[in-house]
Amino acid sequence: KDPNTLFCFDHQTTFSGNGEQDYNFMEALDYDDKAQIINLNTVLEDGLDIFKRMFGYSSKSFIAPSYIWHSDIEPALNKLGVRYLQGLQFQFIPKLKFGDYKKKFHYLGESNQFNQRYIIRNCSFEPAITPDINAVDNCLKQIEIAFRWHKPAVITSHRVNYIGSLDETNRTRNLLLLKQLLSTIQRKWPDVEFVSTDQLGDMITAN
């Protein structure tokens with residue numbers, strides 16, 4: 001009877017947390033028993049199959065919810081056709097204890113033993129999550145740093161920024177900010193190219 005969870009059922013939406021001393025709902029690949037890896041592989045297979053049936057093509061990229069996954073699932077992802085693993089600078093590997101993780105560093109374009117490439121998100125545009133920060137200026141500064149080091153700017157931005165079912169102003173405000181961000185990018189860097197994760201991965205692999 002957690003009030004936040006009941007609220008989500010009532011409004012047909014999602015909620016990331018579910019109380020103390022329990023796994024976050026979003027942490028789909030977290031676990032406290034290595035035997036659960038087998039079940040996770042089945043879940044991945046089902047999820048990628050649903051994706052293919054829904055969109056009509058197989059996904060070449062994958063991102064672990066909350067950036068938490070064990071490298072033992074990467075062979076299964078490889079067999080399922082996933083070539084690119086999205087994430088942040090660090091992968092959080094479960095250590096079989098609640099809330100305890102090993103941090104594993106990854107860099108953009110790094111490949112694992114299956115020749116899968118890690119695509120690292122180095123810019124953030126999350127106005128709904130960080131309302132006290134100027135999301136446009138913050139993202140532009142991060143993009144500028146990436147370009148200065150001759151790296152692609154890989155922007156993370158979640159759906160929560162653009163939904164208005166609970167608060168319509170959230171959608172209206174943040175879509176305007178997104179438009180401002182994109183128009184400023186085009187003005188500051190007129191030769192900029194916008195590509196998807198799999199396109200970026202293909203470009204990195206080709207070089």
Side-chain angles (χ1 to χ4, degrees), residues 4 7-8 11 13-17 24-30 59-69 83-93 99 101 103-111 117-207:
N4 289 318
F7 176 89
C8 293
H11 292 83
T13 186
T14 58
F15 175 59
S16 61
N24 186 305
F25 288 146
M26 293 289 292
E27 298 168 1
L29 300 179
D30 208 340
S59 178
K60 294 170 64 176
S61 72
F62 171 84
I63 182 160
S66 301
Y67 313 107
I68 298 171
W69 80 97
R83 307 306 316 141
Y84 308 116
L85 304 171
Q86 301 180 56
L88 298 180
Q89 204 173 25
F90 290 99
Q91 166 189 355
F92 296 94
I93 303 174
Y101 306 99
K103 294 171 70 174
K104 183 176 181 180
F105 175 80
H106 293 296
Y107 59 87
L108 180 68
E110 176 189 359
S111 62
R117 299 277 185 164
Y118 295 95
I119 306 296
I120 305 305
R121 298 175 171 185
N122 54 10
C123 302
S124 175
F125 181 70
E126 306 282 8
I129 300 174
T130 55
D132 296 332
I133 295 176
N134 187 316
V136 174
D137 287 349
N138 184 63
C139 189
L140 288 170
K141 289 177 183 176
Q142 294 171 334
I143 294 171
E144 187 171 7
I145 292 171
F147 287 171
R148 186 186 307 155
W149 291 98
H150 306 289
K151 294 181 178 182
V154 184
I155 303 173
T156 176
S157 191
H158 288 79
R159 176 178 176 270
V160 68
N161 297 292
Y162 312 109
I163 58 173
S165 55
L166 298 180
D167 180 5
E168 190 171 343
T169 59
N170 177 74
R171 176 178 61 218
T172 304
R173 178 182 62 249
N174 294 336
L175 283 175
L176 288 173
L177 290 176
L178 177 62
K179 183 177 180 179
Q180 180 185 344
L181 173 65
L182 296 176
S183 61
T184 306
I185 290 172
Q186 291 176 307
R187 186 172 63 254
K188 289 191 66 171
W189 300 284
D191 59 343
V192 70
E193 296 182 34
F194 295 94
V195 298
S196 60
T197 297
D198 58 322
Q199 290 173 323
L200 175 60
D202 289 346
M203 293 167 66
I204 292 173
T205 301
N207 293 318

Any idea how Tyr101 and Phe92 line up, ring-wise: parallel (<30°), tilted (30 to 60°), or perpendicular (>60°)?
-> perpendicular
Can you see which heavy atom on Tyr67 is nearest to which on Thr156, and at what distance?
-> OH-OG1, 3.9 Å
Judged by atom type as modelled, is there a donor-acceptor pair below 3.5 Å linking the side chain of Asn122 to the main-chain atoms of Pro152?
-> yes
Output for pair (Leu85 CG, Glu110 CD), nearest 0.5 Å, gives 10.0 Å
With no hydrogens and no angle check, is any side-chain donor or acceptor of Asn161 less than 3.5 Å from a backbone partner on Ala128?
-> yes
Are the side chain of Tyr84 and the backbone N or O of Asp202 linked by a donor-acceptor pair below 3.5 Å?
-> yes
Polar side-chain atom of Glu126 near backbone of His158 as donor-acceptor pair, under 3.5 Å = yes
Relative to the ring of Phe147, is the ring of Trp189 parallel (under 30°), tilted (30 to 60°) or perpendicular (over 60°)?
-> perpendicular
Atom SG of Cys139 and atom CG of Leu177: how far apart are they, to the nearest 0.5 Å?
-> 11.5 Å
Is a salt bridge present between Arg171 and Glu168, judged by a nitrogen-to-oxygen distance below 4.0 Å?
-> yes
Identify the two heavy atoms, one from Asn138 and one from Ser124, that lie closest to each other, and give their separation to 0.1 Å.
-> ND2-O, 4.1 Å
Keeping the roles fixed (side chain from Gln86, backbone from Arg121), state whether a donor-acceptor pair exists under 3.5 Å.
-> no
More than 12 heavy atoms of other residues, nucleotides or ligands under 6.0 Å from NZ of Lys179: is that the case?
-> no
OH-CG distance between Tyr162 and Leu175, expressed to the nearest 0.5 angstrom = 7.5 Å
Backbone N or O of Gln180 within a donor-acceptor pair of the Ser183 side chain at under 3.5 Å?
-> yes
Residues Ile163 and Asn170: closest non-hydrogen pair is O-ND2, 2.8 Å
Determine the interplanar angle of the Phe90 and Phe105 rings, folded into 0 to 90°, and report it as parallel if under 30°, tilted if 30 to 60°, perpendicular if over 60°.
-> perpendicular
Looking only at heavy atoms, what is the nearest atom pair of Phe125 and Leu178, with distance?
-> CZ-N, 3.7 Å
Crowded around Lys60 NZ? As in, over 12 foreign heavy atoms under 6.0 Å?
-> yes
How far apart are the closest heavy atoms of Trp69 and Gln91, and which atoms are they?
-> O-NE2, 2.9 Å
